[in-house]
J.: 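Okay, handing you the structure first.
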Number of protein chains: 2
Amino acid sequence: MRADARDNRARIMTAADDVFGRSPGASTDDVAKLAGVGIATVFRHFATKTELLEAVLTLRLERIRDRALELAGSDDPGTAFFEFFTQVVSESASKLAIAEALTAAGAAAGEEAREAGRGMREAFSGLLAAAQKTGAVRADAEMPEVYALLIGASRGATAAKLDPETRDRMLALIYDGLKPPR
Amino acid sequence: MRADARDNRARIMTAADDVFGRSPGASTDDVAKLAGVGIATVFRHFATKTELLEAVLTLRLERIRDRALELAGSDDPGTAFFEFFTQVVSESASKLAIAEALTAAGAAAGEEAREAGRGMREAFSGLLAAAQKTGAVRADAEMPEVYALLIGASRGATAAKLDPETRDRMLALIYDGLKPPR
DNA sequence: GTATAAACGGAGTGATGACTTCGAATATAT
DNA sequence: ATATATTCGAAGTCATCACTCCGTTTATAC
């Protein structure tokens with residue numbers, strides 16, 4: 001691959017991340033304009049709009065997974081778990097917009113993005129298990145409902161455009177429910 | 001207004017509620033077909049697609065508010081509060097699809113729908129206050145974050161397509177956080 | 001420096017969907 | 001029963017957007 005091509009590919013992904021993160025309904029033209037390339041260049045690198053969206057979403061998911069893996073090394077698993085939870089919720093807005101764009105623009109996520117999602121959930125599951133082992137999180141909470149809480153808090157914060165204080169108060173309520181009964 | 005016109009208007013609203021509740025991206029044609037009328041009839045009753053969506057959303061919100069007002073008469077405010085919360089979350093899927101369609105199809109909700117939303121929140125706020133007075137819900141939880149939880153749980157349940165058991169387990173966690181600290 | 005293969009941009013193309021037009025149909029008042 | 005005002009539906013119009021074509025430009029191998 002020629003150097004300029006690789007360069008453009010990277011610029012397109014960055015632009016797409018930005019544009020779709022802001023408004024899921026954005027057109028491919030918008031992405032091309034922000035990236036400073038022609039629209040044909042976008043389609044040369046990503047055969048369909050869906051493919052582009054998937055690439056962007058996959059990257060996001062991998063970044064989150066990496067963050068979880070990083071925190072998994074912590075010697076305070078309780079704090080690590082809650083910190084990760086909080087971080088994912090705070091950064092959810094743009095991520096969700098992209099996922100939404102994907103579902104809107106035809107069918108569910110493809111294999112690549114699904115695999116990335118699996119990896120992310122696995123890493124999160126590890127954080128949860130560790131936090132439960134130290135007693136920071138109640139032992140009878142299982143992954144499906146805890147994950148549902150993570151998704152719910154993220155979507156809720158995004159949808160309601162919560163200011164940070166309200167968001168933190170909401171998270172505090174959730175965390176109280178996640179802690180072991182006293 | 002002629003009888004057949006009023007009839008058609010009602011059929012169109014029912015059809016729209018159904019169609020948009022299922023898939024936010026649906027076209028006006030789809031609504032017309034399900035309603036069994038021509039597309040022009042739809043546009044005669046609702047000048048724009050947005051207007052139609054608003055009418056449907058408003059109706060939904062009013063129904064929810066009525067449910068809350070009904071429960072406000074209960075002599076067990078704690079149960080009433082949690083029952084309402086659970087019910088809203090269970091029925092969220094289609095409601096959210098409509099709200100989503102509205103934001104997708106241009107701009108935020110209009111005055112009518114906003115007013116309906118206000119009424120709904122007010123009724124919910126009443127349920128919360130009553131439940132707090134009897135000690136069923138912790139007193140230091142305030143409306144904004146509790147409402148955020150309601151939205152979040154709804155969106156989370158919808159987005160993750162939770163099966164009923166997982167949804168109930170998630171709600172149980174949330175309710176534990178909402179109950180007074182023991 | 002030049003040849004050439006690869007990448008580029010912008011002007012199409014076709015499909016979709018919101019909205020309009022207008023002649024046909026139908027409810028109600030007389 | 002008939003007049004007429006109102007409502008109806010099907011076939012348009014127009015804009016938007018994903019995607020393609022092709023002549024031009026540019027990076028790199030020699």
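In what follows, chains are A, B, ... by sequence order, proteins preceding strands, each numbered from 1. Excluded from the calculations below are hydrogen atoms, water molecules and symmetry mates; all remaining heavy atoms, backbone and side chain alike, are included.
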J.: Is the distance from OP1 or OP2 of dG9(D) to the nearest side-chain N or O of T41(B) less than 4.0 Å?
T.: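 The answer is yes; a side-chain N or O of T41(B) sits under 4.0 Å from OP1 or OP2.
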J.: According to the interplanar angle, ranging from 0 to 90°, do the rings of F85(B) and Y175(B) count as parallel (below 30°), tilted (30 to 60°) or perpendicular (above 60°)?
T.: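 F85(B) and Y175(B): perpendicular rings.
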J.: Less than 4.5 Å apart, any side-chain heavy atom of R44(B) and any of N8(B)?
T.: no
J.: For a 4.5 angstrom cut-off between non-hydrogen side-chain atoms, does L53(B) reach F46(B)?
T.: no
J.: Could you give the NZ-to-C1' distance, from K33(B) to dA10(D), as a whole number of Å?
T.: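 So the NZ-C1' distance, K33(B) to dA10(D), works out to 12 Å.
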J.: Would R11(A) and D7(A) pass as an ion pair if we require N to O under 4.0 Å?
T.: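 Result for this pair is yes, salt bridge flagged.
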J.: Mind calculating the distance between CZ (F46(B)) and P (dC8(D)) to the nearest angstrom?
T.: 12 Å
J.: May I have the distance from R9(B) (atom CZ) to dC8(D) (atom C1'), rounded to whole angstrom?
T.: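 Taking atom C1' of dC8(D) as the reference, CZ of R9(B) is at 16 Å.
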J.: Please determine whether a side-chain nitrogen of the Lys or Arg among R22(A) and D18(A) lies less than 4.0 Å from a carboxylate oxygen of the Asp or Glu.
T.: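 Yes, this pair counts.
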J.: How many angstroms lie between OG in S125(A) and CZ in R118(A), if you round to the nearest 0.5 Å?
T.: 14.0 Å
J.: Could you tell me whether R114(A) and E54(A) make a salt bridge, using a distance below 4.0 angstrom between a side-chain N and a carboxylate O?
T.: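 Salt bridge: no.
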J.: It should be established whether H45(A) places a side-chain nitrogen or oxygen under 4.0 Å from OP1 or OP2 of nucleotide dC8(C).
T.: yes
J.: Pairs counted only when both distances fall under 3.5 Å, Watson-Crick or G-U: show me the 5' to 3' dot-bracket for DNA chain C, [ ] for pseudoknotted crossings and | for other-strand partners.
T.: ||||||||||||||||||||||||||||||
J.: Treat each ILVMFWY residue as a node, draw an edge where side-chain heavy atoms are under 4.5 Å apart, and state whether L71(B) and L178(B) are in one component.
T.: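 Hydrophobic grouping puts L71(B) with L178(B).
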J.: With a 4.0 Å cutoff (strictly under), does any side-chain N or O of N8(B) reach OP1 or OP2 of dT7(D)?
T.: no
J.: Counting primed atoms plus P, OP1 and OP2 as sugar-phosphate and everything else as base, spell out the protein contacts along nucleotides 14-27 of chain D at 4.0 Å heavy-atom distance: B, S or - for each nucleotide, 5' to 3'.
T.: ----SBBB----BS
J.: List in chain and number order the residues that pass side-chain contact (heavy atoms from CB on, under 4.5 Å) with D163(B), two or more places apart in sequence or in another chain; answer none if no residue qualifies.
T.: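 With neighbours one apart ignored, the set is E165(B), T166(B).
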J.: D7(B) CG to dA25(C) C1': how many Å, rounded?
T.: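 Roughly 17 Å, once rounded to whole Å.
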J.: What is the separation between atom CG on D30(B) and atom C1' on dT16(C), rounded to the nearest whole Å?
T.: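 Rounded to whole Å, this separation is 12 Å.
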